[in-house]
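Working notes for the structure below.
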Amino acid sequence: MSKTLFQKICDREIPGTIVYEDDQVVAFRDINPAAPTHVLIVPRKPIARIGEAAPEDQAVLGHLLLKAAEVARQLGLHGGYRLVFNNGPDAGEAVPHLHCHILGGRRLAWPPG
Ligand code: AMP
């Protein structure tokens, strides 16, 4: 199977600004930021989207959330931040490799558009 766009960033086959990585997840800056700080954190495993995660993915998903919080702290988002998973076309999902948006650095409106 061919690699997803985000696998290629994780494997440094295409450019990306990686801010954190370990054996399970990689965090890199979004190419089209929607906030002053906009980072995507992805599992190295190419799970398509949260709705297709399996019970065996529980550990990596928990790890991803804990690391998202750690990355947010490291990036200085002490005033708050938002974690977003877009799942499917109605949510505007564009890249079929599960990713958590870490957004911060400005007041974020609620509810989202
Ligand atoms: P989503 O709509 O949740 O699927 O979000 C996909 C995100 O990936 C968007 O915010 C894009 O700006 C971002 N994106 C697309 N291509 C790249 C890339 N090559 N490097 C970094 N971020 C990207």
Side-chain angles (χ1 to χ4, degrees):
M1 225 164 61
S2 64
K3 286 187 179 181
T4 69
L5 173 67
F6 290 166
Q7 276 180 298
K8 291 177 186 171
I9 292 175
C10 293
D11 292 345
R12 292 179 163 74
E13 291 173 10
I14 63 171
T17 306
I18 292 175
V19 298
Y20 175 81
E21 66 182 317
D22 62 26
D23 60 330
Q24 296 184 73
V25 300
V26 180
F28 51 90
R29 295 203 184 268
D30 195 292
I31 203 169
N32 184 23
T37 298
H38 187 173
V39 164
L40 305 174
I41 183 165
V42 310
R44 288 188 186 275
K45 178 181 176 182
I47 302 164
R49 59 193 57 80
I50 192 70
E52 287 177 37
E56 73 215 35
D57 299 321
Q58 181 170 324
V60 69
L61 293 175
H63 181 75
L64 182 144
L65 284 176
L66 291 172
K67 290 299 171 184
E70 193 174 302
V71 166
R73 274 193 298 277
Q74 282 174 359
L75 294 175
L77 299 178
H78 306 303
Y81 55 88
R82 186 167 294 161
L83 303 181
V84 174
F85 293 85
N86 291 323
N87 190 100
D90 281 358
E93 177 202 303
V95 180
H97 181 141
L98 188 152
H99 49 282
C100 175
H101 296 257
I102 304 170
L103 295 149
R106 66 170 170 81
R107 283 301 283 263
L108 299 165
W110 188 263

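Each ligand, and each atom within it, is numbered from 1 in the order the structure gives.
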Show me which atoms of ligand 1 lie under 4.0 Å from any heavy atom of [X].
X: Phe6; result: 8 (O)
X: Leu5; result: 16 (N)
X: Asn86; result: 1 (P), 2 (O), 3 (O)
X: Asn32; result: 12 (O)
X: Arg29; result: 21 (C)
X: Ala94; result: 1 (P), 2 (O), 4 (O)
X: Val95; result: 4 (O), 6 (C)

Compare Thr17, Ile31, Val42 and give the one whose heavy atom is closest to atom 22 (N) of ligand 1.
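Heavy atom nearest to atom 22 (N) of ligand 1 belongs to Ile31.
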
Only heavy atoms count here, so choose which of Lys8, His38, His99, Arg49 is nearest to atom 3 (O) of ligand 1.
His99

Using the rule given for side-chain contact (heavy atoms from CB on, under 4.5 Å), can you reason through His101 versus Leu40, listing the C-alpha separation, both sets of side-chain angles and the distance that settles it, and then say yes or no?
CA-CA 5 Å; His101 296 257; Leu40 305 174; 3.3 Å; yes

Of all the heavy atoms in Gly92, does at least one lie under 4.0 Å from an atom in ligand 1?
yes

Write out the residue and atom name of the closest protein heavy atom to atom 11 (C) of ligand 1, then the distance separating them to 0.1 Å.
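Scanning the protein heavy atoms, the shortest distance from atom 11 (C) of ligand 1 goes to Asp30 OD1, 3.4 Å.
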
Please find the pair of heavy atoms, one from [X] and one from [Y], that lie closest to each other, and give the distance.
X: Leu77; Y: Gly105; result: CD2-N, 3.7 Å
X: Leu108; Y: Leu103; result: CD1-O, 3.6 Å
X: Asp57; Y: Lys45; result: OD1-NZ, 2.5 Å

Closer than 3.5 angstrom, by distance alone: can the side chain of Arg44 be matched with the main-chain N or O of Asp22 as a donor-acceptor pair?
yes

Do the side chain of Glu93 and the main chain of Asn87 share a donor and acceptor less than 3.5 angstrom apart?
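Not confirmed, Glu93 side chain does not pair with Asn87 backbone.
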
Please identify which of these residues, Val42, Val39, Ile41, meets the side chain to side chain contact (heavy atoms under 4.5 Å, CB included) condition with Phe28.
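One option only clears the test, and that one is Val42.
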
Mode of Ile9 contact toward ligand 1 - side chain, backbone, both, neither (heavy atoms, under 4.0 Å):
side chain

Using a 4.0 Å heavy-atom cut-off, which part of Leu40 comes near ligand 1: side chain, backbone, both, or neither?
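Side chain only.
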
Aromatic centroids of His99 and His97 separated by under 6.0 Å:
no

Do Pro96 and Arg49 have side-chain heavy atoms sitting under 4.5 Å apart?
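Yes, their side chains come closer than 4.5 Å.
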
Are the side chains of Arg29 and Val19 in contact, using a 4.5 Å heavy-atom criterion?
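Yes, close enough: below the 4.5 Å cut-off.
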
May I ask you to check whether Glu93 has an N/O atom sitting below 3.5 Å from an N/O atom of ligand 1?
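N/O-N/O distance below 3.5 Å does not exist for this pair.
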
Heteroatom proximity flag, Pro15 to ligand 1, N/O under 3.5 Å:
no

